[in-house]
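A note on names: the letters A, B, ... follow the listed sequences, proteins ahead of strands, and every chain is numbered from 1.
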Amino acid sequence: MILRATPLAFALATMLGWTLFLAVLVDRAELFIVAVPLAASLLSLSRSDETAELAITQHISSDRLSEGDRLTVSVAVSASAPIPIAELLVVLDPLLHIETGSSHVVLAIEPGREANWSFQVRCPARGRFDLGTIHVRLWDRAGLSLVERSRAEAKPISVYPSIERVRHVPQPVRTQFSFGNYVSPALGEGIEPGEIRPFLPGDRTRHINWRASLRRQQLYVTQFHEERNADVVLLLDTLADIGARPFSTLDLEIRAAAALAYAYLARKDRVGFVEFGAFLRWIAPATGQRQGEALVEGLLPAATHFSYVTLRLDRLPPRILPPRALVIALTSLLDDRFTNAIVDLTARGFDVIVLALPPIDATRRILDHSIIDESACRVWAMEWQVKLARLRGRGLTIAEWPSGMPLESVLVPLSRTRPRSVAPR
Amino acid sequence: MKRVWAVPAVGLMAAVPVWTAPLWPVIGLEGIACFFCVLGMLGNTMMPVTVGAWLAILGYALALSLGAPGTTDIIGAAAFGLSLLFLLDISDFMRRFSGAEISPDVLRDQAAFWIGRAILVLGCLLVLMIGGFVVSLFIPAIGKSVVAGLGAIICFAGALRAGTARRPGDF
């Protein structure tokens, strides 16, 4: 609690001193009369200050939201003694927008009566926020002294990235050993027909291909491909972030990662996540609804942190980047350390798909559209395309996701054809 | 609370000195004072308003010293003092609650407080005038200035003490 005089008290004291000085200087009674209201006003400062006990209750309509959702914050204040002017401010993160009402109010509080106020907040960007800090100023009626207090009680809210529904996702080249939705190159029990070969002892009669057998006058059987699942690792580039939230490149990367994670989990795949930034953070691949929630929780605090350290993905435990995994790298290709890492992964035999978000779109949003800015953006866009072409030349599969396009429209061209190669039995 | 509420106060604060002595230096000073006050009101800052009030008092003192000596204008001085106080109060109120949602109860009670205080100040002035007149009957002419000066010093010291005294909870 801090009790102090206000700028008004000092302004009045200055005026009083100045008036009295001039009154003595010009020897006129009128200036003494002018000084009387100022002096009378200042006298209220000398009164004893009885500070009232405040009780503040805060209620938040929801603590788990999606981007763009709204929540209502209700605050109830009561006091043990009358407070003529109570100024209350709920501290909000700059990312949160007040839609209706105000987080900053001035109330008069009567003892025994609760003063209530509420306001609605829109959460446009993902993240974890705390709405529990309330600053209180209790003013005297004359505005000459105030008591400052602060109440900090944790009221965390989590705003999750909005998840776009994606039906067509890039199919992994290699599958794992558990049952899943992908047609594996390996032959075995399945429903997807593969090659035809002559009948061998031990073959099931239900697999005999009668049409081929009649034509060749010899028994032939149809082989089937197995349906298997895949391991998918989402590699998130947090070395660089450009643009203003909630449309920064990192925000878009996280939305894409969340959408991909849910799309692959719906196909019974195991999905993991690696944050490649100033430090490495990961969630091991797993499957199921719980993994989806774990991944979204893991994506929530992703942010850029400055570092000179060059990370190496080969330091990751093998279970985080399993062999035969599909790695989807989400990046704006701004930091060469990330580019080198994905080239290295490709060289190590991983199936890597790069989802590249042009940083130019995010930058354009925060620029005033002057000719110089526009020219610079065009040159930058050309340089970026050259970089993409160079990486494609090194064998990387790259999908460019321009701002405003649905994610699925970018992913559809990456849908791969059914594997035709037959593994030796 | 609207800025418009301060317009009559600024107008009265400038009008009293000009009415006392309608001279170019006074008009110029009061014009500058008004400019600073309006600047402070628009920018929700206290400093220009304080500077404007400071200049207005200087202009009033100039008007009193340059104007024709005569009877003491009690009503004009009281109006000037009250307008000055109201101007400082309203500009500070706007500054400190800028951007906040103010409950109608607070506005109503505050307006009532300001009106009540103005009446109290007028009562104090009346008592002082009568008291001063009675005291002047018993004090010789040479001692009047000394008593007035002592009163001014005591008043200023009291106000300063009230403004700077430490209370429990102060740092």
Practice problem: Taking all heavy atoms of A:Pro37 and all of B:Gly81, pick out the closest pair and write down the distance. | Solution: CG-C, 3.8 Å
Self-check item: Contact winner vs chain A - B:Leu128, B:Leu122, B:Leu58, B:Leu120, heavy-atom pairs under 4.5 Å
Solution: B:Leu58
Practice problem: Verify, without hydrogens or angle tests, whether A:Lys155 (side chain) and A:Gln58 (backbone) share a donor-acceptor contact under 3.5 angstrom. | Solution: yes
Quiz item: Is there a donor-acceptor pair under 3.5 Å between the side chain of A:Asp251 and the backbone N or O of A:Arg245?
Solution: no
Quiz item: Where on B:Met47 is there a heavy atom nearer than 4.5 Å to chain A: the side chain, the backbone, both, or neither?
Solution: neither
Quiz prompt | Selection from A:Ser102, A:Ala29, A:Gly101 maximising heavy-atom pairs under 4.5 Å formed with chain B | solution = A:Ser102
Quiz item: Of all of B:Asp105, B:Leu88, B:Asp109, B:Val121, which one pairs up most often with chain A through heavy atoms under 4.5 Å apart?
Solution: B:Asp109
Practice problem: Could you tell me which portion of B:Arg95 (side chain, backbone, both or neither) has an atom closer than 4.5 angstrom to a non-hydrogen atom of chain A? | Solution: side chain
Exercise. Under 4.5 Å heavy-atom distance to chain A, tell me which part of B:Ile153 shows up: side chain, backbone, both or neither.
Key: neither
Quiz item: Does the side chain of A:Arg128 come within less than 4.5 Å of A:Pro156's, by heavy atoms?
Solution: no
Quiz item: Checking A:Arg151 side chain against A:Gly132 main chain: does a donor-acceptor pair fall under 3.5 Å?
Solution: yes
Quiz item: Does B:Arg96 come within less than 4.0 Å of A:Glu87, counting only side-chain N to carboxylate O?
Solution: no
Practice problem: Under 4.5 Å heavy-atom distance to chain B, tell me which part of A:Leu22 shows up: side chain, backbone, both or neither. | Solution: side chain
Practice problem: Determine the option with the most heavy-atom pairs under 4.5 angstrom with chain B, choosing from A:Thr14, A:Leu20, A:Val26. | Solution: A:Leu20
